[in-house]
Amino acid sequence: MVVVVFAATVTAPRWVPLLGLTEAWIADARGALLALAEPRNEAIVVLAVDAASLKPFAYLSPVDRGLIADTVEALGRARAKAVGLDIVFDRPTEPDKDARLRRALRAFPGPAVVVYATAGAGLDADGAAFLAAFAEGLGKGWPNLIKDDRDGTVRWVPIAMEGVPEPDNLGFAAAIARAVGANVPDGSLRIAYRAGPEDGGPPFAIYPIAAAPLLPPDWLAGRIVLIGAQMTDTDRHRVPRAVLTGIGEGTIPGVLIHAHALAQMLDGRRLAELSPFGNAAVILVAVVLGVGLALARLLWPLLALDLVAAVAAFAGAGVVSTLLGGPDLPLATPVLGMLVAFAAGIAFVGRQLKREKRFIRDAFARYVAPTVVAQLEARPERLVLGGERRELTLLFSDVAGFTALSEHLDPQTLGALLNRYFDGLCGVVMAHQGTIDKLIGDAIVAIFAAPVEQPDHARRAVFCALAMDEFSEAFRREQSAHGVKFGATRIGIHTGQATVGNFGGRDRFNYTALGDTVNTASRLEGANKAFGTRICVSASTVAQCPGVMFRPIGEVVVKGRTEAIKVFEPSDPDLASYDAAYRLLEAGDAGAEAAFMDHLARFPDDQLAAFHLARLRAGERGVTIVLAEK
């Protein structure tokens, strides 16, 4: 499971582009939010070709080359270290101005680099030829930027153009860096965009190109000056901060992108990057963590809390790595892998729990009363399929709230708990010579008077129920002392005709009872929930238990039947006041309510009496009770 989820997650960005884009946006946002203020870069000055500088000229494009020539000459007089022109000179303008600009560039005392391209790479043949002639003897750099195909963000610049012969293959920023003697990295460069000074100003000094001749020489001396367009609709590109600021503030001129890349090369900085192996390792940790959380089998609130904490830990690790100058740790892909692994783990655990519960049921279903075993050993013919009809007493027991309890206990604890509980109750049934028909989850079905006849089967069943109640209440108190909310055991008993015997196939059969008597006993077990009792016994059983004290519950119409049956609860002789109140209720006497109130004043914990009092206050009369639930 871990291997499958890991492999799918590692390759997911390839076939789910949105995932890779989300990862990039998270890295962009993290970098923009956590970027620390930096002093303004003093090595680079940008002269912006803006609308105000071009206003005195008759045309805006191409930029007046006399203006550029004046600027280059001024930079030469100021002893600028180098000049880079992010302007494409691919067609002639006024001949004298073109010639003057070429002379100014060649006369510049330091390196002069112009942007360069060839035919088919953005220029037609004539444009490429003019540019080649214009750039002869000058430094050349390609102005290309690497835009992410998914959102158009410029996160990289090329160092060298593929397929272009040296020495004219360098990118614009790389060509300037090499010209001034800086080390140029191989391949491409991921741009570390500078945050700028604390006062919120730009990371580089930026002046209008028209102001260049007026600037104090020491503002330009020893600096690399980049000249490029700074228009609202020309040569602007999306940068990573756009994920937070939007397109307006998140686009900057191309010359500024080159300035960022150049400053990075001059400083010898490269952003730390996570290798494919490192990326896979982070995802593997997330996947293993997701599976581990699922297999821990914690309660759902703790599980959700741990899952949120795990996601927060990965987000925090990314923040710490960025603050320490480390690589951008992935977040979206590992979290996806963690969630998928968690879901797969939960599904696996669910299947395991079902198997374990089924195993527990199957294991307990093999418990057969010794009397049945002895009967089959003595009379093997009883293995013949089929059954016989006889009078039986059926006993059903169930634990209140067991489903909720089972969902909060791990299988080992649950199995151990049920083992102890069933050991006790099954021992009680065996002691009263009952036959355990089946164990279903937390329920026990016991038969009295089969397979061997028992003339006192009804009495045995009642005394068995009382002993089961005594054991289960002690067991419940014991578990409560250990913090386990084990519910009360509810028991239903009914006597009547039923078909009992072996039913199934030759190789797989079950000794069980069938018929309405079985269903009625089951309904009586469930009726305890409504009455607040733990044992409900039908009148047909009570009739065969002389000498045993019972008190009447009512004439009950259980679900699935139309006729009422009288139902009783084993009683304490001290509850004579209940019997008196019940007789008044049965007779329709208005004094029944006061009688029940008087009884409850003496026995406030009598839930059955409280049930009848609630009926009276709700306007119900008599002792006929219709149950809508099982």
Side-chain angles (χ1 to χ4, degrees), residues 361 364 393-406 414 417-418 420-429 432 434 436-448 458 460-480 484-495 517-542 545 548 550-554 556-561 565-572 605-612 614 625-630:
R361 290 195 299 268
F364 282 121
T393 297
L394 269 294
L395 181 150
F396 272 72
S397 77
D398 198 8
V399 179
F402 183 78
T403 300
L405 176 65
S406 66
L414 180 63
L417 190 67
L418 275 177
R420 290 189 55 210
Y421 174 74
F422 277 134
D423 281 345
L425 288 193
C426 289
V428 172
V429 174
H432 290 81
I436 299 175
D437 180 354
K438 57 179 69 71
L439 305 176
I440 308 173
D442 58 308
I444 295 179
V445 182
I447 305 172
F448 292 83
R460 287 178 181 272
V462 171
F463 280 100
C464 178
L466 292 171
M468 290 172 71
D469 181 70
E470 181 179 356
F471 169 83
S472 60
E473 283 298 288
F475 185 85
R476 184 158 70 101
R477 289 191 295 270
E478 176 187 351
Q479 296 308 311
S480 178
V484 178
K485 296 181 179 180
F486 197 87
T489 298
R490 298 168 177 159
I491 302 172
I493 304 174
H494 179 56
T495 301
T517 297
V518 181
N519 296 332
T520 301
S522 174
R523 296 291 189 268
L524 291 179
E525 178 275 319
N528 285 287
K529 180 179 180 181
F531 306 141
T533 56
R534 296 196 297 272
I535 304 175
C536 281
V537 185
S538 70
S540 60
T541 302
V542 171
C545 298
V548 180
F550 295 90
R551 63 172 175 171
I553 292 175
V556 181
V557 180
V558 298
K559 186 175 177 62
R561 298 190 60 159
I565 59 173
K566 291 184 178 181
V567 181
F568 297 81
E569 178 191 27
S571 174
D572 189 306
D605 295 329
D606 190 343
Q607 296 188 43
L608 178 56
F611 167 78
H612 284 304
I625 305 167
V626 179
L627 297 180
E629 297 181 358
K630 295 181 179 180

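Not measured: the values here are computed from a predicted model.
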With no hydrogens and no angle check, is any side-chain donor or acceptor of [X] less than 3.5 Å from a backbone partner on [Y]?
| X | Y | value |
| --- | --- | --- |
| Ser406 | Thr403 | yes |
| Asn528 | Ile535 | yes |
| His612 | Ile553 | yes |

Tell me, please, which residues at least two apart from Phe463 pass ring-ring contact (aromatic ring centres under 6.0 Å, His included).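 Listed in chain order: nothing, the list is empty.
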If you apply the rule side-chain contact (heavy atoms from CB on, under 4.5 Å), what do you find for Phe448 with His432, and how did you get there? CA-CA 9 Å; Phe448 292 83; His432 290 81; 4.2 Å; yes
Shortest non-hydrogen contact from [X] toward [Y]:
| X | Y | result |
| --- | --- | --- |
| Cys536 | Phe531 | SG-CD1, 3.8 Å |
| Gly424 | Phe471 | CA-CZ, 3.4 Å |
| Arg476 | Ala488 | CD-N, 3.5 Å |
| Ala465 | Ile491 | O-CD1, 3.6 Å |
| Arg420 | Gln479 | NH1-NE2, 3.4 Å |
| Phe550 | Cys545 | CE1-CB, 4.1 Å |

Does some side-chain heavy atom of [Y] sit less than 4.5 Å from a side-chain heavy atom of [X]?
| X | Y | result |
| --- | --- | --- |
| Val429 | Cys464 | yes |
| Arg551 | Leu608 | yes |
| Asp398 | Asp442 | yes |
| Leu394 | Thr520 | no |

Stepwise, does the side-chain contact (heavy atoms from CB on, under 4.5 Å) test hold for Val399 with Leu405? CA-CA 10 Å; Val399 179; Leu405 176 65; 6.0 Å; no
Spacing of [X] atom [atom1] and [Y] atom [atom2] [to the nearest 0.5 Å]:
| X | Y | atom1 | atom2 | result |
| --- | --- | --- | --- | --- |
| Met468 | Leu395 | CE | CG | 5.0 Å |
| Leu627 | Lys529 | CG | NZ | 11.5 Å |
| Ile436 | Cys426 | CD1 | SG | 3.5 Å |
| Leu414 | Leu418 | CG | CG | 5.0 Å |
| Thr533 | Glu569 | OG1 | CD | 5.5 Å |
| Thr517 | His494 | OG1 | NE2 | 4.5 Å |

Ser540-Thr495 side chain donor-acceptor pair, cut-off 3.5 Å: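 Distance-only check fails for Ser540 and Thr495.
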Just wondering, more than 12 heavy atoms not from Glu470 lying within 6.0 Å of its CD?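 No, the 6.0 Å shell around CD holds no more than 12 heavy atoms from other groups.
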side-chain contact (heavy atoms from CB on, under 4.5 Å) assessment of Leu524 paired with Ile493: CA-CA 7 Å; Leu524 291 179; Ile493 304 174; over 6 Å; no
Could you walk me through whether Thr393 and Val462 satisfy the side-chain contact (heavy atoms from CB on, under 4.5 Å) test, starting with their C-alpha distance in whole Å, then the side-chain angles of each, then the deciding distance to 0.1 Å, before giving a yes or no? CA-CA 9 Å; Thr393 297; Val462 171; over 6 Å; no
Going by the angle between their ring planes, with limits at 30° and 60°, are Phe475 and Tyr421 parallel, tilted or perpendicular?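 Correct class here is tilted.
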If the threshold is 4.0 Å, N to carboxylate O, is there a salt bridge linking Arg490 and Glu525?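 No, Arg490 and Glu525 are not salt-bridged.
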